[in-house]
Every structure is written in C-alpha cells, then in structure tokens.
Asker: 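Dropping a structure here in structure tokens format, bear with me for questions.
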Amino acid sequence: MQRIGVFVCHCGSNIAATVDVKKVVELVRYEQGVVYADDYMYMCSEAGQQKVMEAIKEHNLTGLVICSCSPRMHEATFRACAAKAGLNPFMVEIANIREHCSWIHKDMEEATKKAVILARAAIAKVNLNTPLQEGESPVVKRALVIGGGIAGIQTALDIANAGYPVDIVEKEPSIGGRMSQLDKTFPTLDCSSCILTPKMVEVAQHPNIKIYSYSEVEKVGGFVGNFEVDIRKKARSVNEDKCTGCGVCQTKCPLGKTGKIPSEFNRGLGTRSAIYTPFAQAVPNVPVIDRENCTYFKTGKCGVCAKLCPSGCIDYEQQDQIVTEKYGAIVVATGFDIINLDKYDEYAYNTCPDVITSLELERLMNAAGPTGGHLLRMSDGKAPKDIVFIQCVGSRCADDRGKPYCSKVCCMYTAKHAMLIKDHWPEMNVTVFYIDVRTPGKNFDEFYRRAVEQYHVNYIKGQVGKVMPQADGSLIVQGSDLLDGKQIKMKADMVVLAAAVEPNKDARKIASMLTASIDNNDFLTEAHAKLRPVESPTAGIFLSGMSQGPKDIPETVSQAGAAAVKVIGLLAKDKLKTNPCTAKCDMFQCNGCSTCANVCPYGAISYEDTLVRGPGVNETRRIAKVNTALCQGCGACTSACPSGAMDLQGFSNLQIISEVDAICR
C-alpha cells in the first residue's frame, strides 16, 4: 500500500476563487492510501516546495498528488522537488484543478465537486504507480533548419556561430525566402536586398553551414538528440561544382525570349527562361532547368544551354538524390505565402490585371522587378494616377473564405507602400480603405502617422464591397465610409489588395513528418505560448518565423535567435535523459500480429523470434520488441493491440481503469 501525500494549491485566486480548497483537502484525506493532505497559497513557490519535501520525509511518503495547474506548467517542477527529497519522481501525479476545473466553472459547489473527483482519480493512479528510472541517449551535435528565408538564415547563423554544424534545406533554387522579394522594409525603409544579401553570402561562406537548395525533407525518423532525416536533392540538371554562374545559358535559352514561362519570383508579372536563377543575388548562384517547360526534356531537341555553356556543367541525365543525415535538433522555418484570392471575385483580381496583391506591388516597385522599378499598370503599361489600397482581404474573416486572425504586417506595409509611392510619384493620389489600423511595434505608430500627416495619404475607415472594371480601362471602387456614414464610389487606375498571409503550403506535411502540433490554420503550435514560445510540444523540434504565426521581420529575427539559443542548449549536452514512460510488451500475450508496429508513429517497434517459457508454454514465438530510445510513450500501440499484450509504463491499462473507477464512484 502506498503512503500518499496530497497537496492542494490555491494559485492565488486562480483556483481558490472557484474551488473550496479547504473542503477538497478534508474530503481527500479519507481516500485509500492517503496519509497526509494539506493546502498552500502557491505550491510551486520555493516555500511550497519546501513544504512538500518536509512532508515526504516526516510522513515517509511514497507517492504525491499535487492538485494545481496544468502538468505542462509544473510537472517537471514537482518531480524535481520529489527527487530532492529522495522520492522517485515518477511517483508524482498532477491533478489539473485550474484549467480543467476552476477556469471553466463559475459555481463553487460544482467546481469543488469536480476538483475532488480529479484528485480521487490521481490518487487511484498513484496507488498503482511503480518507480521508473530515466535512461540516457547520446546527442548528435548537428542541427537541421527547414526553410531558407530570413528566419532560417538567422537561426542557422546563430547556431553555426556557436560552433555547431547546421544544414539548411530550402525547396527553392535559392535561399532568401519572401524577404528577397521585397523592395523596402518598414519602419526604417531600408533596402531589403541590402540587408538580406550579406546574410545570404555569410551563410554560403560559413564553414559550419551546408545549404541543400532545391531540396525537400522526404522523411524524418528518430527522436530528440538523434533524428534521422532523408533529404531529396532535386535534379537541377546543372553540375553545381562546375557552374561559375556566368549566366550564358539563361541569356541564350530560346524560351527566355518567348515570354511564355511566368517568373515565380516576380509573382507571375514577368517571365523567365527554362534554365534560370530566381534573382540576381541568388545563393547558390547556380541555375536550375525547369524540366516541365524545357524543350529538350519535352521533345529531345534544342540543347542550346549545353552547347554554349563554357564550363560544361549542363547535365540532362542528372537524377534526384536522397541524402540521409542525423541531427540532434530540427528547426522549422517554412515561412508563409498569401492566400488564394479565387473566392474574392468582388475585387476582380482574377479578371483585371490592374488589381494586384501587395506582394506583386513589391515586385513592380523593385528596381530588379519586371518593370525596372517603374510603377506601371499591367493592362497598358501606363503610370497610374489614382491608387486604392484595400486592407484585410481575407484577414479577420467571420466566414470561411479567409482567415480568422489578423495578418499583423498589412497595416505597416501598406503605409510603407503609400509613402514610397508618394515619395517617388508625388502627383499620384493614394487612398487606403481600412477596418482598423494596427501598429504594435516599436516606432510603428509614428511610421503610420507619417504617412497620413507628411505624405497626406487618404485613409478611409470602411470596407470595399466591389471593384468594377470599366470599358475605358479604369476601375470603380465601391465602398463605405463608416465615420461619415456614407457610400463611396471612387475611380482608380490600380487597386492593391492586402491579402492575408498563411503558412507555407508544406507546413502540414512537414508537421506530420515531425509529429509536431499545428493549429486550425496550419501554423505550428508552440509548447507554451508564454513560457516556451519557440519550442514545439515534440521534443527537439523548434519554431522560427512565420511557421509559428504572423510576424514582421524584426520579430522573426528575434524569434530565430531565440530558437537558435534553445538548439544550442540542446546540442551542448552530451546525453539526454529519456522518458521511462514507454511501451512494454507482455510476451505471453503477444501474437506477433504487427498491429502495434503499423500504428507506431516513431518506428519504435520491431519483431524478434523469442523463446517463451512459462506455465504450459515452451516455444519460439514472433514477439514485439520496443526500442525505448525511440518510443515517446504516445500509447497508440496499447490502444491498437488486439490481444492486450502492449502496455504503457506509468500509464498502464490497469492504472487508467482505476482512474475511471475513481471518477465514476
């Protein structure tokens, strides 16, 4: 029989305001195995922990139940406290009476009753707990960064500068990400390329960084400290070691003169050749052949690039390669894109070339863009006189067409665009339709007010209902002015849509491979919004940049540095403690059906022919074997096993049933 101590926390008024803590203490005293029960205002405080340690020694406790907040917050705290007092840390259970009880109930009697039930369940489990011992596993001192935008670049540089090797996997032919497509950055109006290009070059030249460009993560296995990753290096059809980046192949490609292949980098506003580098400062500066459009790959003819290449680096026979590497930690920096606007027909985006997105405007205003930095209408190549910006297109939506969240950067980049337009072309009229102007960053509000006060940008609080193309090529913007309470019809030559941002479309696939959590909008979920904002709930997986949620460049760089620090802290360790709450197979019940191995997301289960000896049994059977270093204790195998042979240490079937019984009685 266990000797259990129960400690109920007030958590200030977080718990005590809704739960009668004293009553909970009195009622749990009479539960089986309980020899001591007490309460304290802040059980996680130093004084509270000291109270627990003294009780363990004074009452010879063999198990603890802490009725407090979520185990995600303080399970590690109380396990460490128990260990200091000489008690096995896995004899501690947390009854979550804050998030599961006090925070969701208003009636004290009802909340108190539920708190007692939760405490009972935890006590029943501790009565069946057994001491468990943590194992150890070595740490591979190498990191993987998935994504080569500014978030991935900054994370990789910080890790590499600490002395650890880093690999960057980027699916595009060059690193740089979305930031490489921007013209200027707010709130300082620095040239985006001037900031980004030196970092790209630093990454390429850093002895601790290896770039896998035009590559994708194919498969991820293993566990924290020892991940095994398959990387698919897609065939460029160009030998990277031989290529000098002279550009002859691109200028001589016949398809480059036809204007038929839209440039992805220029958001489809310009064209490119079949062999191309995305932009002039690309890293690596090695072209890639677009096999879907290349005449040679379609018909077997042409081959001009191979004939004219002075380095002889064109290799039409090149094939995809799978590279397998081991890593101690993985950082997800997969970035973002803007939403598809097909559902927003009222803005005429798909029917009128003069209705563009803000990202397309960035390319039009960039000196390296399709119009050489001249702001021209795509329909006739003429300079617009009246430009209308429409905010929150797809952001903060109540319907299913867009996203429920604020995209965070739109208000600021629209103010930036408006100022740049008025600065270069003072004669242009700029109007912004907005719902709310949000400027939460340092010097952001001053930046917005500068657009209004210094550049006289016309801000109208209201929504646009429709954009109507006219026969003369102009546009009529119909909207509402909420402050004046009137409808507006305004003529425009160009309309710019501030489209909502969303996670990169590969985010869900990457999250599945990493067994990382994502939210309803496909942003990766952090382990704790306040205390662990750059860590995934999956150990060894870290988050950087817009893969975790909307943010601007300064915030992205800050988070990248934070993720790098977490990775460095992990890689600095030679060994990690492993979770002892792993699956265990009862060889007498196992029938070797492979069901558990098929559902295991970590590949932790294999099968061996094992001699089974026992009462009435003496034969060799095919038995499941669990690799405890790989097993993460998810319990999928225990629920799937048809014979009941698989059980989870620390969360056995018997323990779970005892908790249910305690709740139901």
Side-chain angles (χ1 to χ4, degrees), residues 72 76 137 139-170 175 177 203 208-212 217 220-229 231 325-336 503-504 506-519 522-551 553-573 576-579 602 632:
R72 288 180 62 189
S137 65
V139 177
V140 177
K141 296 184 179 294
R142 189 181 194 90
L144 170 65
V145 176
I146 305 174
I150 183 59
I153 287 172
Q154 188 63 54
T155 303
L157 283 173
D158 288 345
I159 297 170
N161 287 336
Y164 297 101
V166 188
D167 291 349
I168 297 178
V169 174
E170 169 56 51
I175 61 173
V203 165
N208 286 338
I209 298 178
K210 184 174 183 178
I211 300 173
Y212 288 98
V217 173
V220 179
F223 50 95
V224 57
N226 200 342
F227 293 104
E228 188 171 288
V229 181
I231 301 168
E325 294 283 359
K326 289 193 173 183
Y327 302 99
I330 298 175
V331 180
V332 184
T334 46
F336 76 99
N504 188 289
D506 291 332
R508 181 173 285 272
K509 181 179 73 174
I510 295 293
S512 296
M513 283 191 282
L514 299 172
T515 62
S517 302
I518 56 174
D519 62 22
D522 287 354
F523 288 112
L524 274 81
T525 305
E526 61 280 359
H528 191 284
K530 299 178 183 67
L531 303 180
R532 298 171 64 194
V534 298
E535 299 172 67
S536 165
T538 302
I541 308 298
F542 302 92
L543 316 178
S544 182
M546 276 220 194
S547 64
Q548 183 259 339
K551 51 183 65 70
I553 293 172
E555 191 178 352
T556 293
V557 172
S558 298
Q559 191 185 36
V565 168
K566 291 291 184 180
V567 171
I568 293 165
L570 173 58
L571 299 185
K573 300 175 182 177
L576 295 175
K577 297 288 186 181
T578 59
N579 180 16
Y602 303 99
Q632 298 296 300

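Scope of the values below: all heavy atoms of this structure, side chains included, with no hydrogens, waters or symmetry mates.
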Asker: What is the distance from atom CG of Asn208 to atom CG of Leu157, rounded to the nearest 0.5 Å?
Answerer: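 So the CG of Asn208 and the CG of Leu157 are separated by 10.5 Å.
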Asker: For Lys577, which residues count as a salt bridge (charged side-chain N to carboxylate O under 4.0 Å, His left out) partner, sequence neighbours excluded?
Answerer: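 Lys577 satisfies salt bridge (charged side-chain N to carboxylate O under 4.0 Å, His left out) with Glu136 once adjacent residues are dropped.
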Asker: Answer yes or no: is there a side-chain heavy-atom contact under 4.5 Å between Glu526 and Arg532?
Answerer: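 Side-chain contact under 4.5 Å: no.
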Asker: Please name all residues satisfying side chain to side chain donor-acceptor pair (under 3.5 Å) with Thr155, sequence neighbours left out, ordered by chain then number.
Answerer: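 Partners of Thr155 by the side chain to side chain donor-acceptor pair (under 3.5 Å) criterion, ordered by chain and then number, come out as Ser544.
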Asker: Using side-chain contact (heavy atoms from CB on, under 4.5 Å) as the criterion, point out the one residue from Ile168, Val567, Val166 that pairs with Val331.
Answerer: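 Looking at Ile168, Val567, Val166, the match for Val331 under the side-chain contact (heavy atoms from CB on, under 4.5 Å) is Val567.
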Asker: Show the nearest heavy-atom pair for residues Ala162 and Ile568, with the distance to one decimal.
Answerer: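 Minimum heavy-atom contact is CB-CD1, 3.5 Å.
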Asker: Taking only residues two or more places apart in sequence, or in another chain, which ones meet Phe523 in a ring pair (Phe, Tyr, Trp, His ring centres under 6.0 Å)?
Answerer: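 Counting only residues at least two positions away or on another chain, Phe523 forms a ring pair (Phe, Tyr, Trp, His ring centres under 6.0 Å) with Tyr405.
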Asker: So, using side-chain contact (heavy atoms from CB on, under 4.5 Å) as the criterion, who are the partners of Thr578 when residues are at least two apart?
Answerer: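 Counting only residues at least two positions away or on another chain, Thr578 forms a side-chain contact (heavy atoms from CB on, under 4.5 Å) with Ser137.
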Asker: Would you find a donor on one side and an acceptor on the other, under 3.5 Å apart, between the side chain of Asn226 and the backbone of Gly222?
Answerer: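 A pair under 3.5 Å: no.
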Asker: Restricting to side chain to side chain donor-acceptor pair (under 3.5 Å), what partner residues turn up for Asp167, sequence neighbours left out?
Answerer: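 Result, side chain to side chain donor-acceptor pair (under 3.5 Å) vs Asp167: Arg142, Tyr327.
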Asker: How long is the straight-line distance from NZ of Lys566 back to OG of Ser536, given to the nearest 0.5 Å?
Answerer: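 Going from OG on Ser536 over to NZ on Lys566, the span is 13.0 Å.
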Asker: In residues 510-517, what donor-acceptor pairs under 3.5 Å come from side-chain atoms, sequence neighbours left out?
Answerer:
| unit_1 | atom_1 | unit_2 | atom_2 | d |
| --- | --- | --- | --- | --- |
| Ser512 | OG | Arg508 | O | 3.0 |

Asker: Is Leu576 close to Leu570 at the side-chain level, that is, under 4.5 Å between some pair of heavy atoms?
Answerer: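 Leu570 vs Leu576: side chains touch.
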Asker: Could I get the full list of salt bridge (charged side-chain N to carboxylate O under 4.0 Å, His left out) partners for Glu555, not counting sequence neighbours?
Answerer: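 By the salt bridge (charged side-chain N to carboxylate O under 4.0 Å, His left out) rule, Glu555 matches Lys408.
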Asker: Rounded to the nearest 0.5 Å, how far apart are OH of Tyr164 and CG of Leu571?
Answerer: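 Going from OH on Tyr164 over to CG on Leu571, the span is 6.0 Å.
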Asker: Could I get the full list of salt bridge (charged side-chain N to carboxylate O under 4.0 Å, His left out) partners for Lys210, not counting sequence neighbours?
Answerer: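 Scan of Lys210 (salt bridge (charged side-chain N to carboxylate O under 4.0 Å, His left out), adjacent residues dropped) gives none.
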Asker: Tell me which pairs pass salt bridge (charged side-chain N to carboxylate O under 4.0 Å, His left out) where either residue lies in residues 145-161, with sequence neighbours left out.
Answerer: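 The answer is none; no pair qualifies.
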Asker: Kindly write out the residues that satisfy side chain to side chain donor-acceptor pair (under 3.5 Å) with Lys573, not counting sequence neighbours, or none if the list is empty.
Answerer: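 Scan of Lys573 (side chain to side chain donor-acceptor pair (under 3.5 Å), adjacent residues dropped) gives none.
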Asker: Who passes side chain to side chain donor-acceptor pair (under 3.5 Å) against Lys326, sequence neighbours left out?
Answerer: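 Once residues adjacent in sequence are excluded, Lys326 has no partner under the side chain to side chain donor-acceptor pair (under 3.5 Å) criterion.
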Asker: Nearest 0.5 Å please: distance from the OG1 atom of Thr334 over to the CD1 atom of Ile146.
Answerer: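 Spacing of OG1 (Thr334) from CD1 (Ile146) equals 8.0 Å.
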Asker: Report the distance from atom CD1 of Ile553 to atom CE of Met546, rounding to the nearest 0.5 Å.
Answerer: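 Here the rounded value is 8.5 Å.
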Asker: Name all residues meeting the salt bridge (charged side-chain N to carboxylate O under 4.0 Å, His left out) criterion together with Lys141; count only those two or more places apart in sequence or in a different chain, and write none if there are none.
Answerer: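 For Lys141, the residues satisfying salt bridge (charged side-chain N to carboxylate O under 4.0 Å, His left out) (neighbours in sequence not counted) are Asp574.
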Asker: Once rounded to the nearest 0.5 Å, what's the spacing between atom OG1 of Thr525 and atom CG of Asp519?
Answerer: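 So the OG1 of Thr525 and the CG of Asp519 are separated by 5.0 Å.
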